[in-house]
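These values consider heavy atoms only, across backbone and side chains, with no hydrogens, waters or symmetry-generated copies. The chains referred to below are lettered A, B, ... by the order of the sequence lines, with proteins before strands, and numbering in each begins at 1.
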2 protein chains.
Amino acid sequence: MTGKFCACIAQSMQYHRAPATTTFPELFELFVQAVLPQSLADAAYLQLQAMGRYASAVAGGVILEDGDQHQVVFVAQGATKLVAHASGGREQVVAFHFEGDLISVSSRGAHSYTLCALQDCELVAFPAEDFLGLARSEPGLLNEVLDRVLTSLSRSREKLITLGRKTAQERVAGFLVTMAERIGTPREGGCLLHLPMSRRDMADSLGLTIETISRQLTELREAGLIATSGRSDVHICDIAALEARAGQLAAAA
Amino acid sequence: MTGKFCACIAQSMQYHRAPATTTFPELFELFVQAVLPQSLADAAYLQLQAMGRYASAVAGGVILEDGDQHQVVFVAQGATKLVAHASGGREQVVAFHFEGDLISVSSRGAHSYTLCALQDCELVAFPAEDFLGLARSEPGLLNEVLDRVLTSLSRSREKLITLGRKTAQERVAGFLVTMAERIGTPREGGCLLHLPMSRRDMADSLGLTIETISRQLTELREAGLIATSGRSDVHICDIAALEARAGQLAAAA
DNA sequence: CGGCGGTTTGAACACGCTCAAGGTGGGTGG
DNA sequence: CCACCCACCTTGAGCGTGTTCAAACCGCCG
């Protein structure tokens with residue numbers, strides 16, 4: 001089941017299933033474009049380049065586990081999930097990440113976390129201490145990091161509302177809306193969505209079971225709000241109606 | 001019901017129910033001790049002192065509402081809750097804050113948030129933009145802020161596990177353990193807890209109803225894990241047993 | 001084309017919710 | 001200072017949403 005450990009922030013290229021043949025400089029450049037402020041000093045740039053570690057992971061593989069060194073990970077390509085483990089084999093997906101996202105897993109808490117690849121991934125990893133140490137002397141970078149962490153916090157809080165106070169229907173509808181915003185591609189009057197995660201991942205993200213996810217998707221399909229093809233392609237026909245079903249803001253009592 | 005709006009980051013002292021007669025310098029000093037790095041430049045100190053606004057709020061009062069200027073709030077005294085609002089009057093408590101906490105409500109998301117006082121509070125508030133602008137040139141401060149935001153994120157994620165994958169019993173037990181860590185005072189072989197929030201607040205925090213909270217507390221009391229006196233005093237007799245019931249980590253399948 | 005894992009669908013069950021009726025603490029006013 | 005009173009809390013009974021268990025289906029990869 002667990003796609004097995006694969007590339008745990010290794011030193012160099014490790015291709016397992018022929019991801020696009022990108023090189024470290026290319027990946028690092030993606031990181032630079034996405035994360036670094038333009039004002040960054042050359043010295044800092046070089047230091048980052050030196051401390052960055054290139055890693056790749058196959059779909060299903062573990063990227064970071066509880067017990068690993070604390071790392072800051074940049075997703076250059078692919079998609080990942082951050083999973084928390086509770087007793088009894090229960091799992092909770094705490095966040096999904098896509099291209100351009102920066103991940104910091106600071107697990108001060110009673111649970112253990114694992115970062116997993118949903119698809120084949122290309123990653124750049126930095127030892128968190130070094131990275132933040134450098135950032136400390138580069139306010140522009142630190143500020144960018146703060147901004148991204150605040151976004152993570154905001155997403156996490158939105159998810160709290162979902163898990164605490166929403167029905168299954170609202171959760172699934174809201175999930176599709178959020179995914180559409182993050183990785184959807186617009187189509188005439190709608191949005192095309194290729195979901196990199198399984199029903200189980202969705203269930204573990206929304207605090208439901210795969211059966212419930214499936215039933216709700218069926219219901220949304222029969223209501224004409226979405227159309228599905230294959231296991232992971234969803235065409236959102238009516239985003240406004242979906243948002244309404246997600247029960248975001250006060251409407252009717 | 002809602003204790004009504006009271007002191008929305010006002011300019012000066014506003015005593016409503018005789019909180020301890022602290023002065024702005026005293027409150028600011030508390031902020032300095034709790035948040036500022038020792039390395040902070042005098043100029044930055046003075047700037048902060050100039051931009052800080054003193055505010056007080058009575059129990060139940062609203063401190064920040066959706067639509068207010070984005071603020072960074074320091075809790076010098078008292079306790080607060082950050083509440084998110086969903087449709088149908090449903091509420092989700094996203095976080096509790098106590099003395100020494102620094103709150104940043106950046107609501108990028110589909111829901112609206114309100115910061116409320118649980119008890120009479122003494123607060124120091126800064127316009128977020130100015131505060132972060134200053135922090136940008138003071139890496140020590142920015143770093144402290146980042147650290148606190150990371151703690152918030154970590155707490156939020158722990159809460160996600162709770163809301164997504166735990167039973168009522170585990171939620172209540174976990175809640176008590178967390179509160180014990182944050183505001184408990186050790187007693188022979190146990191811990192004394194004075195809860196500043198109502199059953200409704202707990203319910204809205206744990207994604208349950210007040211009835212369920214009450215039933216679970218009764219169950220824990222009858223199991224001899226806790227003893228209660230009055231509405232808000234809890235004596236935790238056996239923390240280890242409580243932690244076990246919170247189902248933190250893998251134990252038995 | 002064949003088989004396996006993931007998904008869908010169905011039926012029965014359970015946990016926590018809803019609705020309703022007492023209790024009780026603690027704050028207020030006499 | 002004590003009694004009153006109201007909001008908050010507790011307890012109970014029945015219900016509903018989502019779970020659990022089980023079986024059929026199907027998309028995807030060999």
Give a yes-or-no answer on whether the side chains of [X] and [Y] include a donor-acceptor pair shorter than 3.5 Å.
X         : Y         : value
Lys159(A) : Ser205(A) : yes
Thr114(A) : His85(A)  : yes
Arg108(A) : Thr151(B) : yes

Tell me whether the side-chain N/O atoms of [X] come closer than 4.0 Å to OP1 or OP2 in [N].
X         : N       : result
Arg215(B) : dT11(D) : no
Thr209(B) : dT18(C) : no
Arg200(A) : dG6(C)  : no

Handout entry: Under 3.5 Å donor-acceptor pair, Arg221(B) side-chain atoms to dT11(D) base atoms
Key =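 Such a pair does not exist between side chain and base.
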
Problem - 5′-ward residue of the pair Ile210(B)/Thr212(A) relative to DNA chain D - result: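 Result: Ile210(B).
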
Exercise for the section: For Ser198(A), report the nucleic acid contact type (base, sugar-phosphate, nothing); a contact means any heavy atom under 4.0 Å. Expected result: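 Sugar-phosphate contact only.
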
Roughly, in whole Å, what's the span from [atom1] in [X] to [atom2] in [N]?
X         : N       : atom1 : atom2 : value
Asp233(B) : dT24(C) : CG    : C1'   : 15 Å
Leu217(B) : dT10(D) : CG    : P     : 6 Å
Glu170(A) : dT17(D) : CD    : P     : 13 Å
Arg171(A) : dT19(D) : CZ    : C1'   : 13 Å
Asp204(A) : dT19(D) : CG    : C1'   : 14 Å
Glu211(B) : dG22(C) : CD    : P     : 16 Å

Handout entry: Nearest to side-chain heavy atoms of Leu208(A), which nucleotide of dG18(D), dG16(C), dC9(D)
Key =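 Closest nucleotide among those given: dG18(D).
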
Exercise for the section: Look at the side chain of Arg231(B) and decide which nucleotide, out of dC17(C), dG26(C), dT7(C), has an atom nearest to it. Expected result: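 Of all the options, the side chain of Arg231(B) is nearest to dG26(C).
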
Practice task
Among Gln216(A), Gln169(A), Glu170(A), find the residue that satisfies the side chain to side chain donor-acceptor pair (under 3.5 Å) test when tested with Arg245(A).
Solution key: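 Passing option: Gln169(A).
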
